[in-house]
Amino acid sequence: MSSVPVTKTEWELTPEAFDGLLSWLNPDREQAGRKYEEIRRKLITILSCRGCTCPEDLTDETMNRVTRKVSEIIDSYLGDPALYFYGVAHKVHLEWLRRNGRALVPPPAPDPPEETEQEYECLEQCMEHLTSKSRELVSEYHREEKKAKIDGRKKLADRLGIGVNALRIRAHRIRAGLQECVFLCLSKTRRDEIDTSAHR
Amino acid sequence: MTGNVEAEISMKRYLLGELAEPQQQELEQGLMTSDECFDRLLVAEDELINDYLRGTLSAREEEKFDDYFLCAPQRRRKLRFFRSLLKYVGANAENSKTIWRWPEFLTFRPFPHRIIEASLAGALSLIVLGGSWLTFRIHHLNHLLEQARSQTVPAGERDDGQRQLAQLLARNDQLTSEVQLQKGQRAVLEQELARASTPQLSSPYMIRFAFTSGTVRSGGEMKKVTIPPSATWVQLQLDLGASDYRKYQTVLQSAEAEEIANQTTPSMKIGNNVEGVVLTVPAKRLPYGDYSLKVSGVPASGDPENIGSYTFRVLQK
């Protein structure tokens, strides 16, 4: 269910079409690339929020469809291109729902202990790569529970001279970086394990 | 303030799949056009996971969390990550020591020019030589120290001897610290040198790798590709030689047989009289590891026919 093939697109994403899409997003190629990534990331999140089990596949399909269409709409479309992507994603999601229904997936099975251990070891390594300030912030942010949590975060925000909302966003960004680091570390660990067993 | 609280409640309901369709679409359009709104959603998502793991959600919210929120694989990964994070925070609650780090001015930025690359290599050599000299000096001083210890010192000269010994010990400590510093600088410079030696991209966002028949099909030597950190997209270009089929199916899998991309397209011209297929995937989906690319020809009728498998290894970015 999680890797359901999306509609079979008859059209190929060519470098030329991709260039056309980027120039629609922004005349500056670097900024266009950033905008593209940002739209992609937002669509994946939105489709996840809609309960979709393969948000990345549907997002890729959306990006392909918009890329195909861009030469036709580039002169007439007014407004933020992100909303055009959103409209297409909405349609792609409805098609997916028609094919798959709103079936719910069962809750995930508990993680095998060795995987949990590996992930924890990777997290410890990644924490060491953070600056001491970031490490302290993320640790302190998650230390307390319930009422103490609210008070603790308020104090932490005051100490840093920022608002609570800014603190929450700062903590989120540190966590996002950590999660990426853990993901890469786990991939490397698994790769090394495969290499080791292959050499035996 | 009330607006913030309302927005938070609304986001929590959205995350648990409880928002009515019109409000949902309104919120989603806000997410697409406002980075601030999107950041708030991501924060709300984190808070929801945190509350779930802390056991502070209501029974109904917990049920929705299990049945709806965890549908997406990314969220299950995030939940696992949060479990580790909270465990880490719990285990290190009393241990929030500040570790020493290199000062900012010593953390070099990427060097695009060969001259700087050569300078770095020169600096590295100097540090290696300097480090060796310091190591030699430490050994020499240790030797002198041993000699001083073994000599019988007349009572009147003992004070002088002790002073000299203290000086030698202090000098020894200083030299040891210098060696440590040199070693650290050497490690930083080695990293920078390695970074400076990686090939530059023609485009900062897309990197292409060509797979030609005969060189990389299964059984041959595995192709190694290095994806620079700046690449957002990776384009895998497969040379098909003569194109015999109406369409081609390309399936990219990890070594663990996890499907990363699957497309069916007609072939296209990728060079002078060369037909091929092009598969474009986000660089993020190709972390370090081995991959296989299976190509099948799709005839006008009938099942796809296997043409070949291409294996390659993505090296550390």
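The chains referred to below are lettered A, B, ... by the order of the sequence lines, with proteins before strands, and numbering in each begins at 1.
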Please check: side-chain N/O of [X] versus main-chain N/O of [Y], any donor-acceptor pairing under 3.5 Å?
X         : Y         : value
Arg313(B) : Lys224(B) : no
Tyr68(B)  : Cys49(A)  : yes
Ser23(A)  : Pro27(A)  : no
Arg76(B)  : Leu70(B)  : yes
Ser134(A) : Leu130(A) : no
Asn50(B)  : Asp46(B)  : no

Is [X] in contact with chain B via its backbone, its side chain, both, or neither, using a 4.5 Å heavy-atom distance?
X         : result
Arg173(A) : side chain
Leu123(A) : side chain
Leu47(A)  : neither

Requested in this report: Check the surroundings of atom CD in Gln74(B): do more than 12 heavy atoms from other residues, nucleotides or ligands lie under 6.0 Å from it?
Outcome: yes
Engaged part of [X] at the chain A interface, taking heavy atoms whose separation is under 4.5 Å:
X         : result
Phe38(B)  : side chain
Leu86(B)  : side chain
Phe65(B)  : neither
Asp51(B)  : side chain
Glu256(B) : side chain

Of all of [options], which one pairs up most often with chain B through heavy atoms under 4.5 Å apart?
options                                   : result
Ala171(A), Cys122(A), Ser48(A), Cys52(A)  : Ser48(A)
Val138(A), Asn165(A), Val182(A), Thr45(A) : Thr45(A)
Arg40(A), Glu124(A), Glu180(A)            : Arg40(A)

If you count heavy-atom pairs under 4.5 Å with chain A, which of [options] comes out on top?
options                                : result
Leu42(B), Leu15(B), Leu41(B)           : Leu42(B)
Leu19(B), Leu16(B), Asp39(B), Leu27(B) : Asp39(B)
Arg77(B), Lys78(B), Glu47(B)           : Glu47(B)

Query - Lys188(A) with Asp192(A): basic N within carboxylate O range, under 4.0 Å - result: yes
Query raised in the report: Do Arg83(B) and Glu119(A) sit within salt-bridge range, that is, some charged N less than 4.0 Å from a carboxylate O?
Result: no
